[in-house]
Peer 1: 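Questions regarding the structure given below will be posed in turn.
FYI, the numbering just counts along the sequence from 1. Because the structure is predicted, anything quoted here is derived from the model rather than measured.
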Amino acid sequence: AVVLAGVMIYIFAIMGVEVLNKGMRVHWDADLQEQVDIHFGTVGKSMLTLIQIMTLDSWSAIARPMCFRVPWVIIYYIL
């Protein structure tokens, strides 16, 4: 079960780096882009952020600014 969770976190971390950080760069303003780089800049940072979201540790501070700017991003956090 732990290996499966690790693989899923890894897959979603890659999606986070590619979609949220690189693909959505045109939608973020400078302050929000800095936050996205902090949380989803690399696969490792993205994995740590996803573990933080899974444990519900201040996850709204990460998700809320992005969801206000581009509402469909909430799908990433729900999955």
Peer 1: What's the spacing between Asn21 CG and Phe40 CZ if we round to 0.5 Å?
Peer 2: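 The CZ atom of Phe40 is 9.0 Å from CG of Asn21, to the nearest 0.5 Å.
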Peer 1: List in chain and number order the residues that pass salt bridge (charged side-chain N to carboxylate O under 4.0 Å, His left out) with Glu34, two or more places apart in sequence or in another chain; answer none if no residue qualifies.
Peer 2: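 Partners of Glu34 under the salt bridge (charged side-chain N to carboxylate O under 4.0 Å, His left out) test: none.
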Peer 1: I need the Leu50 CG to Ile11 CD1 distance, nearest 0.5 Å.
Peer 2: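 These two atoms lie 11.5 Å from each other.
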Peer 1: So, taking the atom named CD1 in Ile53 and the one named CG in Leu48, what distance separates them when rounded to the nearest 0.5 Å?
Peer 2: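 Going from the CD1 atom of Ile53 to the CG atom of Leu48 covers 11.0 Å.
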Peer 1: Quick test of your reading: applying salt bridge (charged side-chain N to carboxylate O under 4.0 Å, His left out), list the pairs with at least one residue in residues 47-58, sequence neighbours left out, ordered by first then second residue.
Peer 2: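 Every pair satisfying salt bridge (charged side-chain N to carboxylate O under 4.0 Å, His left out) with a residue in residues 47-58: there are none.
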Peer 1: What salt bridge (charged side-chain N to carboxylate O under 4.0 Å, His left out) pairs are there with at least one residue in residues 8-21, not counting sequence neighbours?
Peer 2: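 The answer is Glu18-Lys22.
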Peer 1: Would you tabulate the side-chain donor-acceptor contacts of residues 65-79 under 3.5 Å, counting partners in other chains and residues two or more places apart, or write 'none'?
Peer 2:
unit_1, atom_1, unit_2, atom_2, d
Arg69, NE, His27, O, 2.5
Arg69, NH2, His27, O, 3.2
Tyr76, OH, Phe12, O, 2.6

Peer 1: Is there a side-chain contact (heavy atoms from CB on, under 4.5 Å) between Met15 and Leu20? Walk through the geometry before answering.
Peer 2: CA-CA 8 Å; Met15 285 175 45; Leu20 296 178; over 6 Å; no
Peer 1: Starting from Ile9, can I reach Ile38 by hopping between I/L/V/M/F/W/Y residues whose side chains sit under 4.5 Å apart?
Peer 2: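 Not linked; separate clusters.
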Peer 1: Can you list every pair that meets side-chain hydrogen bond (donor to acceptor under 3.5 Å, both in side chains) and has a residue in residues 35-49, with sequence neighbours left out?
Peer 2: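 Output for this query lists Gln33-Asp37.
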